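The model shown is predicted, which means the values in this text are computed figures rather than measured ones.
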Amino acid sequence: MKDKREFRGSAWRWALVFVVSTVLIVASFLSDRTVRGWMVGHQDPGTRTFMEALSRFGDWPEHVGLGLILLAAAWWRGSKPWMRIFAAMIVACALAGVSTRVVKIAAGRPRPNVQTDAGWSGPNLSARYQAFPSGHTAASTAFFAALAFASRRAGAGLLVVPVLIAFSRMYVGAHHLSDVVAAAVIGVVCGWIVMNRLRSLPSP
């Protein structure tokens, strides 16, 4: 009976996640043009420079590098629980990166700054046609969401990082709102899957 209740509870949670995610993604698609217009109309040289730098250093290699530094620091301090958490953050980031790479190549959506009349082109290896979803946003969200799932106190405040990275990707014309919203959903799911798997493993 307990297993059946747990299964039903888990099924309802996933159903709720699916519904909320679907509503958010659909709403973001409907708002793409409005948000893009706002981004174009509020360009500022100083802000642009900052957003380009944030976008440049907000990809998965920087997150993995940070994760490895944190992992080494935890090892040096002899903290096995935090070693597991930091390793899980790296895995979540990698999982989100691989997932978004497959989807964006298959979708072939042109980036906002690509001058074209074509819509979604289907499978395309050109980076100019790999807008959906945002790899930067997914990787960063998965990385910090995993930390937040492991320790709300340590990770909740750091979720502002992927939010800023998502905004920067839209500001520099690399992604639409729907690209970063879908990527954030992927990142949260990847972070949850990895941390949930970590909890099921025996403690060190």
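Both V172 and L164 belong to a single network of hydrophobic side chains, linked directly or stepwise wherever heavy atoms of I, L, V, M, F, W or Y lie under 4.5 Å apart.
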side-chain contact (heavy atoms from CB on, under 4.5 Å) between C93 and V64, intermediate numbers included: CA-CA 7 Å; C93 180; V64 171; 4.3 Å; yes
Original post:
Checking side-chain contact (heavy atoms from CB on, under 4.5 Å) for the pair R36/M39: CA distance, chi angles, key distance, verdict?
Top reply: CA-CA 5 Å; R36 179 58 187 159; M39 294 289 175; 4.2 Å; yes
Practice task
Would you please test Q43 and R48 for side-chain contact (heavy atoms from CB on, under 4.5 Å) and show each step?
Solution key: CA-CA 7 Å; Q43 292 287 310; R48 176 86 183 188; 3.1 Å; yes
- Query: Run the side-chain contact (heavy atoms from CB on, under 4.5 Å) check on R109 and H176 step by step: do they pass?
  - Reply: CA-CA 10 Å; R109 187 186 197 184; H176 302 276; 3.4 Å; yes
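To the nearest 0.5 Å, atom OG1 of residue T137 and atom CE of residue M170 are 8.0 Å apart. The CZ atom of R84 sits 8.5 Å away from the CE atom of M195 when rounded to the nearest 0.5 Å. Atom CD1 of I193 and atom CG of L198 lie 14.0 Å apart (nearest 0.5 Å). Put simply, CZ on R152 and CG on L159 are 11.0 Å apart, with the number rounded to the nearest 0.5 Å. The distance from atom CZ of F132 to atom OG1 of T100, rounded to the nearest 0.5 Å, is 10.5 Å.
Within the 4.5 Å cutoff, no side-chain heavy atoms of I85 are placed close to those of S151.
Listed here is the closest heavy atom pair of A92 and A142: O-CB, 3.4 Å. The minimum heavy-atom distance between D32 and S178, with the atom names listed, is OD2-OG, 2.7 Å. Pairing each heavy atom of F149 with each of G191, the nearest pair is CD1-C, 3.8 Å. I186 and P133 get closest at one heavy-atom pair: CD1-CG, 3.8 Å.
Using a distance-only test at 3.5 Å, with no hydrogens or angles considered, a donor-acceptor pair links the side chain of H175 to the main chain of A131. No donor-acceptor pair under 3.5 Å is formed between the side chain of S140 and the backbone N or O of H136. For D59 (side chain) and P61 (main-chain N/O), no donor-acceptor pair under 3.5 Å exists by modelled atom type. Looking at S31, its side chain never comes within 3.5 Å of a backbone N or O of S28 through a donor-acceptor pair. Counting only distance, with no hydrogens or angles, the side chain of T141 and the backbone of A138 share no donor-acceptor pair below 3.5 Å. Remark: the backbone N or O of M51 is not paired with any side-chain donor or acceptor of S55 at under 3.5 angstrom.
Screening W75, F86, W82 for a side chain to side chain contact (heavy atoms under 4.5 Å, CB included) with L70, the sole residue that qualifies is F86. Test I25, T34, V35 against L177 for side chain to side chain contact (heavy atoms under 4.5 Å, CB included) and you get one pass: V35.
Sparse packing is recorded around CZ of R33, with 12 or fewer heavy atoms of other residues, nucleotides or ligands lying under 6.0 Å away.
Judged purely by distance below 3.5 Å, without hydrogens or angles, the side chains of R101 and Q130 pair a donor atom with an acceptor atom. A donor-acceptor contact closer than 3.5 angstrom is absent between the side chains of S134 and R169.
Applying the ring pair (Phe, Tyr, Trp, His ring centres under 6.0 Å) rule to W38 yields the partners H42; only residues at least two apart in sequence or on another chain are considered.
Checked against a 6.0 Å centroid threshold, the rings of F50 and Y171 do not count as neighbours.
Using cut-offs of 30° and 60° for the angle between ring planes, the F143 and H63 rings count as perpendicular.
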